[in-house]
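This report concerns only the one structure given below.
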Amino acid sequence: MSKFLKRSAQGAQVPHEKRTSNQETVKMPLPSKIVLSMGQHIGAPAAPQVAKGDQVCVGTVVGKAGGFVSSDIHSGVSGTVDGIITITAPNGAPQTAVVIIPDGKQTVDPAIAPPTVTDLKSFQDAVRASGLVGLGGAGFPTAVKLAPKNLDEIDTLIINGAECEPYITSDNRCFLEDTQFILDGVQAVMKYLEIPRCVIGIEGNKPEAIAKMKSAAPAGVEVKELPCRYPQGAEKVLIENCTGREVPFPGLPSDVGVVVMNVTSVAFVGKYLATGMPLTTKRLTVDGDIIKEPKNVEVIIGTPVRELMDFCGGFTEEPGKVLYGGPMMGNCLASLDQPILKNNNAVLAFSKKAAQLPKATNCIHCGRCTNACPLGLSAKEIVQAYNDGNVELLIELNADLCMSCGTCSFVCPAKRPLAPSIALAKIMMKNGGKK
Amino acid sequence: MDNKLIVTAAPHITSADSTQKIMGRVCLALVPTLIASVIIFGVGSLIVTAVTVAACVFFEWAYC
């Protein structure tokens, strides 16, 4: 009854647009070159380990992790290093990248072999060596996530299969096509981290995935059907829906005894333990209103987006916006020459008409943004405080708790850009009051 | 061939609802009240309503 009357943390009903949901993943042939960004993860960028003219094989380390919270970068092709260049990262900053021209042979690096895992330390080392980062989109180095300080307090592993963004269906395909790898990965994480219980959260718009996981799941692994309300895939929302626990602020999931992993990430762990091949390919959804042949594609990381677009039939008209990720939280590409990154799970292309957002009008104080915010923040008050430059009020309103999910902007009837303003407010808090 | 792509901050979609639609629903909700007004106070209430609406629309256009 109380849930029915609850007027806060409602989230939003976003369009599903899961048109590629039932299509088998297609493997894309070798691109003309791959561009491997050294910063495809949260944390310090990797340092290039190769120079122009070097020969590399599939799985060769071309970038070494730049610290503890960082990740190795591996080549997905065998070929010659064409050079070290500077590209633009999705956030607009410059980023070093290694360009490799494939020779077509796809020779596997002789050092590649299934890792020897006997205990927690060797498991963590193996995950680190695989170059795995959060494949749900955040790109957090998984080896760091699987080494929480309070490991003995962790009692639940949550697998994030919500996939709440419109258009994206790559996690759904992972459930249906990589079922055994998912279970192998879950079993490995539960075994080495000594976690007794696992909950796999899947949104209700994926009935085949729910049915398949329910029938395949062993004891200790349960499947939870989630409501189809954005942002079900947000870590804190997912934890509350699957376990009833609320992550304190400031805090991490490990503070409530939980480790959350995306389903594609855990499937990769299962695959890596069996094959030893590090993270070099990615399944992602290509869709949008101007893509000729929307589909789920297995693409080599570093493939230029332009070539991926051509593989999907190209555009039916001139593109307005091309996004990495979904329409709620995705980043716009400035150029089609930018490459596919480890943490991309979709590339969406929209027409100029669809790319135009309605003009913002005055706030009518309707309160929809405050009702919708999954973290209980008051978007309109934060934006007002930001416009006034009032940092004390921003701190009081917990503006730095905002995860930029975009639900507030989505529900606003006045079409005000709340989420970007709150992002600016967070920067203002960091700079101590200067805009 | 290389046309400029639009780059804006997320989110890139908004809900179908808008301020106009909300206010439209408000006006609709006030129609029974207007009918009751006419019944209780007579046709004069319609004239009052018309003058008020015209004044509001004019001054909002002029000043906002």
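No experiment lies behind these values; they were computed from the predicted model shown. Note on naming: letters A, B, ... go to the chains in the order of the sequence lines (proteins, then strands), and numbering restarts at 1 for each one.
Listed by chain and number, the residues in a ring pair (Phe, Tyr, Trp, His ring centres under 6.0 Å) with Y167(A) are F350(A) (sequence neighbours excluded).
To the nearest 0.5 Å, the span separating OG1 on T8(B) from CG on L357(A) amounts to 5.5 Å. Note: L5(B) CG to Q338(A) CD = 9.0 Å, rounded to the nearest 0.5 Å.
The minimum heavy-atom distance linking K352(A) with K4(B) is given by the pair NZ-O, 4.1 Å. Across all non-hydrogen atoms, the minimal contact from G330(A) to A10(B) is O-CB, 3.6 Å.
For L348(A), no part lies near chain B; criterion is any non-hydrogen pair under 4.5 Å. For T361(A), the part lying under 4.5 angstrom from a heavy atom of chain B is the side chain only. Proximity to chain B (any heavy atom under 4.5 Å) is restricted, for P166(A), to the side chain, taken from C-beta onward. Both the backbone and the side chain of M328(A) come within less than 4.5 Å of a heavy atom of chain B. If you measure heavy-atom distances from Q356(A) to chain B, the contacts under 4.5 Å come from the side chain alone.
When the candidates D17(B), V7(B), I13(B) are compared by the number of heavy-atom contacts under 4.5 Å with chain A, I13(B) comes out ahead. Per-residue counts of heavy-atom pairs under 4.5 Å with chain B were compared for G406(A), S409(A), G320(A); the largest is that of G320(A).
A side-chain donor-acceptor contact under 3.5 Å links K415(A) to the backbone of S15(B).
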